[in-house]
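The structure appears below as structure tokens.
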There are 2 protein chains.
Amino acid sequence: MKLALGERRKREKEQRRRIILRAARKLFFKRGYKPVTVSDIAKKVELSKGAIYLYFSSKEEICAQVLLDDIERFHGEVLPIFETGADASEIFIGFAHMYVDFFLKDRELFRMVMNFMLHANNMNLSDDTNKRIILETNRAVSVTENIFKYGIDRGEFILRREDVRTMRNAFWGMLNGIISLHLFIGRESTREDRIRSNVNKCLGIFIEGLKKTG
Amino acid sequence: MKLALGERRKREKEQRRRIILRAARKLFFKRGYKPVTVSDIAKKVELSKGAIYLYFSSKEEICAQVLLDDIERFHGEVLPIFETGADASEIFIGFAHMYVDFFLKDRELFRMVMNFMLHANNMNLSDDTNKRIILETNRAVSVTENIFKYGIDRGEFILRREDVRTMRNAFWGMLNGIISLHLFIGRESTREDRIRSNVNKCLGIFIEGLKKTG
DNA sequence: TCAAAGTATGACCGTAAGTCATTCTCTCCT
DNA sequence: AGGAGAGAATGACTTACGGTCATACTTTGA
């Protein structure tokens with residue numbers, strides 16, 4: 001009789017999983033999700049298609065894990081912003097810029113995330129992946145909500161606490177919406193600095209609205 | 001020798017095209033874009049699959065035309081709002097509510113439109129369809145830009161004219177973003193009145209920002 | 001050393017978009 | 001009326017891709 005997967009094997013398996021993910025990421029970002037086939041990924045890591053399915057249950061699952069890794073990385077990068085002691089408006093702007101920069105590095109990443117949000121309901125993902133999605137979603141939510149609460153506590157924002165959730169939605173919506181429009185609609189001005197300046201202006205107006213007394 | 005397509009035939013062809021579109025629309029909205037096959041559509045209108053391709057060059061083309069018809073209808077419905085002589089803020093709110101209501105009637109419609117915006121670049125659409133897309137995009141843009149200009153002219157909004165384009169993007173982004181979040185992320189509160197009230201609050205804040213002097 | 005566990009393969013399957021040779025049907029000219 | 005040719009329709013066929021599985025190879029540990 002045999003025991004379950006030895007330690008070293010487990011490690012090697014995890015390592016191979018990561019190699020596949022890296023390859024998939026590169027391919028997806030270069031050619032887009034749909035055009036990349038599972039065989040393409042297999043070829044790139046010198047495995048057969050069947051082998052890929054020993055590590056991932058579906059192409060969608062690969063996509064989800066690529067995106068989750070990136071989002072986790074973003075959340076890691078964004079944390080220090082809260083240590084600065086800046087006021088809520090500055091934190092907002094800082095957060096928004098990090099978000100924009102994050103997605104401008106790989107525009108296909110943003111498209112994939114949006115697409116994923118749109119269709120996640122109809123995807124068959126592993127329990128583990130679903131857990132990660134919920135975790136990261138909650139993290140994103142609480143990060144932004146906390147900025148609003150911080151602003152309220154400091155007396156910086158005129159906003160009822162029960163409206164924080166609404167404003168959090170508006171904030172995310174605005175940020176994603178502006179990026180979408182620039183990347184996929186605007187033929188003009190998709191230069192990074194242009195997008196950044198637009199985000200600045202929009203958030204400026206929004207924050208003015210939050211500050212306005214009476 | 002024969003002449004090109006007689007008048008009556010042309011009319012009948014157009015009629016059949018519309019019948020196919022109606023059937024496709026119903027199927028798409030009921031089961032979603034991907035799950036509906038071209039054969040499903042053909043079956044519903046009692047034609048063979050091949051016949052469908054006499055009227056449309058691809059499934060994507062069918063989708064595009066369904067969406068364009070709906071967007072055109074929306075633009076038709078939204079025009080009267082500008083005849084009311086209301087102030088710019090009211091027009092904004094009115095416009096936003098019509099937009100929200102329009103998409104809440106068929107949630108799949110919104111998903112399809114978002115998806116379309118995300119991938120329109122990589123679709124092979126007919127020249128005619130591409131023209132319609134540009135036309136409708138420009139219409140949407142100019143509608144919102146005009147509200148901003150109107151607000152500036154009335155002295156209602158404190159906003160430089162060169163920032164109108166930016167604000168138009170923010171407005172669209174916010175609106176689409178809020179709807180997206182509610183429909184596809186929020187497990188909680190996707191009730192219509194809830195979404196409407198959220199849109200109200202967000203736009204309220206946004207408009208306050210626009211009105212703020214100094 | 002050999003049996004079980006684990007890893008890998010690639011032919012194969014199912015499905016769905018899109019094509020095309022063929023057939024049917026209508027129109028209009030003589 | 002009749003037939004020629006334009007146009008409408010068909011459905012079997014092609015292609016492409018996600019996913020599966022019987023088979024075979026490799027490692028491990030008793």
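We name chains A, B, ... by the order of the sequence lines, and we start the count at 1 in each one.
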- Query: If you pin A:Y33 and B:E46 to their nearest nucleotides in DNA chain D, which one's is more 5'?
  - Reply: B:E46
- Using whole Å, report how far CZ of A:R17 lies from C1' of C:dG6. 18 Å
- For the pair made of NZ in B:K34 and P in C:dT15, what is the distance, rounded to whole Å? 17 Å
- With sequence neighbours excluded, tell me which residues meet side chain to side chain donor-acceptor pair (under 3.5 Å) with A:N200. A:H97
Between the protein and nucleotides 18-20 of chain C, which nitrogen or oxygen pairs are less than 3.5 angstrom apart?
residue: C:dG18; atom: OP2; partner: B:Y53; partner atom: OH; Å: 3.0
residue: C:dG18; atom: OP2; partner: B:K59; partner atom: N; Å: 2.9
residue: C:dG18; atom: N7; partner: B:K49; partner atom: NZ; Å: 2.9
residue: C:dG18; atom: O6; partner: B:K49; partner atom: NZ; Å: 2.5

- Tell me: CD1 of B:I19 to C1' of D:dA8, nearest whole Å? 14 Å
Determine all donor-acceptor pairs shorter than 3.5 Å in which one atom belongs to a side chain in residues 42-56 of chain B; sequence neighbours excluded.
residue: B:S48; atom: OG; partner: B:A51; partner atom: N; Å: 3.4
residue: B:Y55; atom: OH; partner: B:R16; partner atom: NH1; Å: 2.7

- Message: Output the rounded distance in Å from CG (B:L54) to C1' (C:dA17).
- Response: 15 Å
- Task: Provide, to the nearest angstrom, the distance between the CZ atom belonging to B:R16 and the P atom belonging to D:dT10.
- Result: 10 Å
- Item | Main-chain N/O of A:H75 paired to A:R139 side chain as donor or acceptor, under 3.5 Å | no
- Message: Using whole Å, what does the distance between atom P of nucleotide C:dT7 and atom CZ of A:R11 come to?
- Response: 14 Å
- A:F28: partners by ring pair (Phe, Tyr, Trp, His ring centres under 6.0 Å), with sequence neighbours left out: A:Y33
- Query: Atom CD of A:E61 and atom P of D:dG19: how far apart are they, to the nearest Å?
  - Reply: 11 Å
- Message: Holding to side chain to side chain contact (heavy atoms under 4.5 Å, CB included), I want the full list of residues that pass it with A:E145, two or more places apart in sequence or in another chain.
- Response: A:V141, A:K149, A:V164, A:R165, A:R168
- Task: Kindly say whether B:T37 contributes a backbone atom to a donor-acceptor pair with the side chain of B:D40 at under 3.5 angstrom?
- Result: yes
- Query: When the nearest nucleotide of DNA chain D is assigned to A:T37 and to A:E12 on a heavy-atom basis, which residue is associated with the more 5' position?
  - Reply: A:T37
- Please list, chain by chain and in numerical order, all residues satisfying side chain to side chain contact (heavy atoms under 4.5 Å, CB included) with A:S89, sequence neighbours excluded. A:D87, A:E156, A:F157, A:I207, A:K211
- Does A:R8 place a side-chain N or O at less than 4.0 Å from the phosphate oxygens OP1/OP2 of D:dT28? yes
- Message: Under 4.0 Å from OP1 or OP2 of D:dT26: is there any side-chain N or O of A:R9 that close?
- Response: no
- With a non-hydrogen cut-off below 4.0 angstrom, is A:Y55 in contact with a base, only sugar-phosphate, or nothing? sugar-phosphate
- Let me know the distance between CD of B:E14 and C1' of D:dG7, rounded to the nearest Å. 17 Å
